[in-house]
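Written out below as structure tokens is the structure these notes cover.
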Amino acid sequence: NPSGSKGCARPISTLVEQFESGEREIPGFAGKQWNDLTEAEQADVLNDFRLAYISKSPVNWCPGLGTVLANEEVTAEGKSERGNFPVFQRELRQWSMRITAYGHRLIEDLDGIDWPEKVKLMQRNWIGKSTGVEVDFKLVGGGDFSIYTTCIETIYGITFMVLAPDGKVVQDLMDRIENKEEVQAYINETVKKSDMDRTELNKGKTGCRLQGVYAINPVNGKQVPVFIGDFVLAGYGTGAVMAVPSHDQRDFEYAVAHSIPMIQVIEGRDVSECAFEKQDYLGKGCKLMNSEEFTGLTVEEAKEAITQKLEKMGVARRKVNYHFREWIFARQRYWGEPVPCVYTQDGKIYFVPDEELPVILPELEDYKGRNGQAPLENATEWKQYNRNGIQGTRETSTMPGSAGSSWYYMRYIDPQNDKEFCNQELLKHWMPVDLYVGGPEHAVGHLMYSRIWNRFLYDKGLSPVKEPFK
């Protein structure tokens with residue numbers, strides 16, 4: 001990128017050239033040429049690399065307001081911040097921004113700005129960078145899933161696995177689950193809860209065993225039972241976790257509540273009353289136990305040795321993960337900028353040319369969404385597109401408020417310019433903003449999204465500075 005550090009937004013055409021030349025292997029199509037793929041297959045591959053991409057993700061649907069809400073617009077009680085209406089989880093196909101691609105740069109560049117340390121710490125914690133291992137687990141009878149862990153040294157202590165109740169893996173298993181009615185009832189209760197209810201506010205140990213379903217631990221071939229638990233989110237990480245009750249307190253309490261056995265694999269403390277967790281054993285010289293050929297190694301030695309074993313087996317890869325999630329860049333509500341794209345009848349996505357921008361919101365008689373659909377679905381004439389030989393249906397979701405608030409400081413510099421978002425010489429003169437006045441509540445909201453937005457413009461040579469606020 002322009003500053004010389006790793007990671008930069010590049011044109012998707014560069015990736016296509018790499019696929020066409022064979023310089024880069026095509027994910028999911030090993031051994032195939034780029035031109036062997038159908039247009040739909042090519043689009044699916046590229047979608048996994050785009051910064052702006054189509055995703056299927058759970059959202060906070062509020063029937064009372066007729067719209068989807070951001071997490072910060074939902075109270076701890078699972079109600080809308082405005083109106084106090086109930087909020088439910090629904091899965092929708094919508095636009096998202098792959099902001100985790102900027103994770104490492106967002107952390108690194110905090111050192112170069114003059115902000116209060118508590119605000120920097122809030123951003124570092126919100127981004128939540130961790131280095132670990134993603135491991136594939138097969139299911140007895142067919143099927144598989146993956147987990148991500150920063151504690152690979154405890155893999156021999158797995159005594160059960162937990163899947164997201166509303167995830168695809170569980171849906172695919174329904175025909176094989178012996179207690180289907182019990183499982184479906186638990187899923188129905190889960191989808192009524194917000195993400196906050198299921199994670200930060202989740203003090204219970206609720207869950208449901210998938211009777212007849214077992215996962216195979218790849219490190220030793222042992223079969224372990226599979227549960228679903230509402231604290232595992234389908235839209236976060238892999239939607240599955242490995243459970244090691246002797247070395248994770250949440251797993252310990254869950255195992256006690258559900259009478260699941262435990263296996264201690266790190267020596268140094270009794271685990272009959274509580275788990276011996278990583279903050280207690282890392283860097284203390286503790287050694288592994290009950291871990292086959294790795295017994296007797298220190299935790300640090302075992303981390304590397306077990307990872308190498310799994311890598312050689314082809315079932316694991318080292319991975320950097322982030323606590324923050326991709327940015328859902330669509331709202332099923334009227335107010336907001338329309339996403340300027342059209343879905344054609346042959347399944348392609350067409351972005352309208354610059355001369356048709358901005359796309360103006362139509363006036364509606366009914367501004368309320370229905371059944372999770374956006375209010376613009378009511379604009380039957382406006383949403384039909386037929387120009388320049390292109391026929392299709394407009395995107396009816398609108399952008400979030402942060403789409404405008406993430407770069408308004410640039411537009412203020414040159415508000416009457418109808419040729420570009422801001423004159424480059426004026427940007428060079430005025431940017432970065434010298435002083436930002438605002439409370440810490442903006443630390444993981446406006447301040448973060450503005451940094452991400454500016455970083456993309458910086459990579460494209462459209463912003464002269466890599467940080468918007470000095």
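Along the sequence shown, residues carry numbers from 1.
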Min side-chain heavy-atom separation [X]-[Y] under 4.5 Å:
X    : Y    : value
K309 : V219 : yes
V244 : T159 : no
I187 : Q171 : yes

Let me see the working for E377 and T396 under side-chain hydrogen bond (donor to acceptor under 3.5 Å, both in side chains), right down to the final yes or no. CA-CA 6 Å; E377 288 289 339; T396 56; 2.8 Å; yes
Tell me whether [X] contacts the main-chain N or O of [Y] through its side chain, where contact means a donor paired with an acceptor under 3.5 Å.
X    : Y    : answer
N217 : K222 : no
N321 : T131 : no
K129 : Y322 : no
H446 : S406 : no
K460 : F456 : no
H247 : F276 : yes
Q94  : I54  : no
E301 : T298 : yes
R269 : A275 : yes

For D144, which residues count as a salt bridge (Lys or Arg N to Asp or Glu O under 4.0 Å) partner, sequence neighbours excluded? none
Pairing residues for W34 by the ring pair (Phe, Tyr, Trp, His ring centres under 6.0 Å) criterion, not counting sequence neighbours: F19
Contacts of type ring pair (Phe, Tyr, Trp, His ring centres under 6.0 Å), residue F145, not counting sequence neighbours: F137
Can you check side-chain contact (heavy atoms from CB on, under 4.5 Å) on R451 and Q123, steps first, answer last? CA-CA 11 Å; R451 294 185 67 211; Q123 288 211 351; 2.7 Å; yes
Quick one: do W61 and F88 satisfy ring pair (Phe, Tyr, Trp, His ring centres under 6.0 Å)? Show the steps, please. CA-CA 5 Å; W61 168 243; F88 304 94; 9.3 Å; no
Measure the spacing between CD of Q332 and SG of C62 and express it to the nearest 0.5 Å. 12.5 Å
Return the OH to CD1 distance between Y102 and I107, rounded to the nearest 0.5 Å. 15.5 Å
According to side chain to side chain donor-acceptor pair (under 3.5 Å), who are the partners of [X], at least two apart in sequence or on a separate chain?
X    : result
E181 : none
K278 : T150
Y281 : E153
E39  : K348

What's the shortest heavy-atom distance between [X] and [Y], and which atoms?
X    : Y    : answer
N290 : T295 : N-OG1, 3.5 Å
S291 : M289 : OG-O, 2.8 Å
D251 : A243 : OD2-CA, 3.3 Å
I113 : E467 : CG2-CG, 3.6 Å
S246 : V271 : O-CG1, 3.6 Å
V119 : A443 : CG1-CB, 3.9 Å

What I want to find out is whether [X] reaches [Y] closely enough, with some N-O distance under 4.0 Å, to be called a salt bridge.
X    : Y    : result
K287 : E267 : no
K303 : E300 : no
R98  : D48  : no
R105 : D459 : yes
E311 : R318 : yes
R82  : E73  : no

Parallel, tilted or perpendicular, as decided by the 30° and 60° cut-offs, for the rings of F160 and Y254: parallel
Going by the rule side chain to side chain contact (heavy atoms under 4.5 Å, CB included), which residues pair with [X] if we only count those two or more places apart in sequence or in a different chain?
X    : answer
P261 : none
N84  : K79
T38  : A40, E41
T14  : R10, P11, Q18

Is it the case that the side chains of [Y] and [X] hold a donor-acceptor pair, with the cut-off being a distance below 3.5 Å and no angle test?
X    : Y    : answer
E326 : T100 : yes
S130 : Y148 : yes
T190 : D166 : no
T206 : D230 : yes

Using residues 334-343 as the side-chain source, report each donor-acceptor pair under 3.5 Å to any protein atom, sequence neighbours left out, with the distance given to one decimal.
residue, atom, partner, partner atom, Å
Y334, OH, P362, O, 2.6
Y343, OH, W95, NE1, 3.1
Y343, OH, E395, OE1, 2.3

For D109 and R455: C-alpha separation, side-chain torsions, deciding distance, then whether side-chain contact (heavy atoms from CB on, under 4.5 Å) applies. CA-CA 11 Å; D109 293 340; R455 194 57 47 92; 2.7 Å; yes
Criterion side-chain contact (heavy atoms from CB on, under 4.5 Å) on I26 and V45, from CA distance to verdict: CA-CA 8 Å; I26 306 168; V45 170; 4.1 Å; yes
Please evaluate residues S146 and E134 with respect to the criterion side-chain hydrogen bond (donor to acceptor under 3.5 Å, both in side chains), reporting the C-alpha separation (whole Å), side-chain torsions for both, the decisive distance (0.1 Å), and the verdict. CA-CA 7 Å; S146 301; E134 189 172 87; 4.7 Å; no
For atom [atom1] of [X], is the number of surrounding heavy atoms from other residues, nucleotides or ligands below 6.0 Å larger than 12?
X    : atom1 : answer
Y449 : OH    : yes
Q33  : CD    : no
K138 : NZ    : no

Go through V320 and H104 one step at a time and tell me if the side-chain contact (heavy atoms from CB on, under 4.5 Å) criterion holds. CA-CA 9 Å; V320 173; H104 66 288; over 6 Å; no
